[in-house]
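See below for the structure under consideration.
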2 protein chains.
Amino acid sequence: MPSRRTDPLTLEVVELIGSVVARYHEEYEDAAASHQLTGAQARVLNLLSLEPMPMRRIAQQLKCEPSNITGIVDRLESRGLVERRPDPADRRVKLAAPTQEGLQTADRLRESLDFAREPLAGLSTAERTVLRDLLKRMLG
Amino acid sequence: MPSRRTDPLTLEVVELIGSVVARYHEEYEDAAASHQLTGAQARVLNLLSLEPMPMRRIAQQLKCEPSNITGIVDRLESRGLVERRPDPADRRVKLAAPTQEGLQTADRLRESLDFAREPLAGLSTAERTVLRDLLKRMLG
DNA sequence: TATTGTTATACTCTATAACTATA
DNA sequence: TATAGTTATAGAGTATAACAATA
């Protein structure tokens with residue numbers, strides 16, 4: 001019996017996941033570019049569209065250094081998509097929040113991400129349920 | 001009946017795929033960094049470990065501009081992991097090929113990618129077969 | 001003329017370290 | 001003294017345009 005790490009089935013699944021990852025990234029970058037945004041800018045804008053938050057927390061969510069967020073938010077702010085607000089509770093903190101236009105852009109970004117439709121459209125409800133449960137266990 | 005694009009089940013699957021993508025990337029970058037490579041360098045080295053190829057074809061595979069490959073291969077070459085060879089059939093072409101050390105690094109890189117083991121280890125053979133078939137249909 | 005690889009340029013993202021203003 | 005955000009710096013990836021060698 002081949003080891004679970006190197007058996008053909010596991011390798012095939014790993015390869016397929018790699019393909020899904022590549023396709024997901026491609027589509028995400030394309031969707032961002034269609035709104036004149038980089039991938040990082042789109043991720044930050046999407047994050048803030050769910051909930052305004054301190055600069056530091058954006059860095060934690062994106063798993064990068066806080067100093068990088070300064071520039072990304074600078075560029076979003078200079079385009080009028082995001083603004084910095086003071087935090088009444090702590091004057092050291094700056095809360096980044098999307099503007100009206102930023103929220104609209106975030107919505108359109110989500111819509112143009114047809115990774116939600118295209119690849120899953122061919123699966124029935126039952127199949128998507130199975131896929132959901134398998135992915136949940138993979139990530140568990 | 002909610003549209004297929006916005007129903008809760010589809011959104012949940014899309015969310016899960018996003019998590020898989022994030023985790024895959026994190027582990028890939030970590031594995032690359034553990035060999036003092038960037039993600040892009042690791043992808044090129046892995047590609048060449050399967051088959052030497054012209055600079056231009058590397059760019060096609062990575063879906064980026066050929067001018068970028070020059071620098072990435074420069075850095076791999078300066079570390080002795082890759083070399084440039086002339087193509088006997090066309091003197092314009094340079095074939096990039098891994099060195100012995102490059103092949104060893106590519107092998108160790110693959111081994112340290114425990115994305116193959118960790119998340120799939122919890123699934124039975126039958127479940128991995130189902131997952132494989134669903135992913136194939138998603139990508140088809 | 002067309003193609004291959006390279007160079008030059010400019011922008012973005014990234015980590016590290018030092019700085020400022022608050023706490 | 002510790003923390004939040006910024007600045008300064010350097011390295012890497014990216015696209016664009018122009019170039020030399022070859023086809």
Side-chain angles (χ1 to χ4, degrees), chain A residues 22 25-48 52-79 81-97, chain B residues 22 25-48 52-79 81-97:
Chain A
H25 252 96
E26 213 180 312
E27 294 203 13
Y28 197 94
E29 294 291 322
D30 287 352
S34 75
H35 292 85
Q36 287 77 51
L37 294 170
T38 66
Q41 288 165 10
R43 277 186 288 279
V44 168
L45 182 58
N46 179 61
L47 200 59
L48 297 179
M53 63 181 71
M55 305 292 284
R56 207 146 199 106
R57 192 133 66 86
I58 303 176
Q60 288 163 353
Q61 300 269 355
L62 263 70
K63 294 186 208 296
C64 73
E65 294 301 314
S67 60
N68 300 327
I69 304 302
T70 299
I72 296 173
V73 169
D74 279 351
R75 289 181 273 278
L76 287 171
E77 195 168 31
S78 74
R79 292 198 29 205
L81 301 174
V82 160
E83 62 184 15
R84 277 178 248 236
R85 302 175 187 157
D87 181 340
D90 186 336
R91 284 193 298 168
R92 293 174 302 181
V93 172
K94 290 178 191 169
L95 296 171
Chain B
H25 252 97
E26 214 179 313
E27 293 202 14
Y28 198 93
E29 294 291 321
D30 287 352
S34 75
H35 293 85
Q36 287 78 49
L37 294 170
T38 66
Q41 288 165 12
R43 278 186 286 279
V44 168
L45 183 57
N46 180 61
L47 200 58
L48 297 179
M53 62 181 72
M55 305 293 282
R56 205 145 200 109
R57 192 132 67 85
I58 303 176
Q60 287 162 354
Q61 300 269 355
L62 264 68
K63 295 185 210 290
C64 74
E65 294 301 313
S67 59
N68 300 326
I69 304 302
T70 299
I72 297 173
V73 169
D74 279 352
R75 290 181 272 279
L76 287 170
E77 194 168 33
S78 74
R79 291 195 32 204
L81 301 174
V82 159
E83 63 184 15
R84 276 180 247 234
R85 300 175 187 158
D87 182 339
D90 186 337
R91 283 194 299 168
R92 293 174 302 180
V93 172
K94 290 178 190 169
L95 296 171

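Here is the naming used below: chain letters follow the sequence lines, and residue numbers restart at 1 for every chain. Quantities reported herein were computed from a predicted structural model and do not represent experimental measurements.
- Taking CG from Asp87(A) and CG from Leu95(A), the interatomic distance works out to 4.5 Å, rounded to the nearest 0.5 Å.
- In the region residues 61-69 of chain B, proximity to DNA chain D at under 4.0 angstrom, judged on heavy atoms, holds for Cys64(B), Glu65(B), Ser67(B), Asn68(B).
- The CE-P distance, from Met53(A) to dG5(D), rounds to 12 Å in whole Å.
- Counting to the nearest Å, the P atom of dT14(D) and the CZ atom of Arg43(B) are 7 Å from each other.
- The two atoms that bring Ile58(B) and Val44(B) nearest to each other are CG2-CG2, 4.0 Å, heavy atoms only.
- When heavy atoms are screened at a 4.0 angstrom cut-off, Arg91(A) is found touching the sugar-phosphate backbone but no base atom.
- Between the CG atom of Leu76(A) and the P atom of dT12(C) there is a distance of 11 Å, rounded to whole Å.
- Nearest-nucleotide positions on DNA chain C for Arg84(B) and Arg75(A) put Arg84(B) closer to the 5' end.
- Ile58(B) has its CD1 atom 13 Å from the P atom of dT14(D), to the nearest Å.
- Within 4.0 Å of Asp87(A), counting heavy atoms only, lies no atom of the nucleic acid at all.
- To the nearest angstrom, P of dG5(D) lies 15 Å from CZ of Arg85(A).
- If you take CG of Leu37(B) and P of dG13(D), they are 10 Å apart, rounded to a whole angstrom.
- Atom pair Arg56(B):CZ and dT6(C):P shows a separation of 10 Å (rounding to whole Å applied).
- At the phosphate of dA21(C), neither OP1 nor OP2 sits under 4.0 Å from any side-chain N or O atom of Lys94(A).
- The CZ atom of Arg56(B) sits 8.5 Å away from the CD atom of Glu65(B) when rounded to the nearest 0.5 Å.
- Listed here is the closest heavy atom pair of Thr38(B) and Ala32(B): O-CB, 3.8 Å.
- A side-chain donor-acceptor contact under 3.5 Å links Arg79(A) to the backbone of Gln36(A).
- For the pair Arg92(B) and Arg92(A), nearest-nucleotide mapping onto DNA chain C gives the more 5' position to Arg92(B).
- Taking only side-chain atoms of Thr38(A), from C-beta outward, the nucleotide of dT6(C), dC13(C), dA2(D) with the closest atom is dC13(C).
- Taking only side-chain atoms of Val93(A), from C-beta outward, the nucleotide of dT14(D), dG5(D), dA23(D) with the closest atom is dG5(D).
- Here Arg75(B) pairs with Gln41(B), Ile72(B) under the side-chain contact (heavy atoms from CB on, under 4.5 Å) rule; sequence neighbours left out.
- Rounding to the nearest 0.5 Å gives a distance of 11.0 Å between CZ of Arg43(B) and CG of Leu37(B).
- In this structure, the CD1 atom of Ile72(B) is 10 Å from the P atom of dA15(D), given to the nearest Å.
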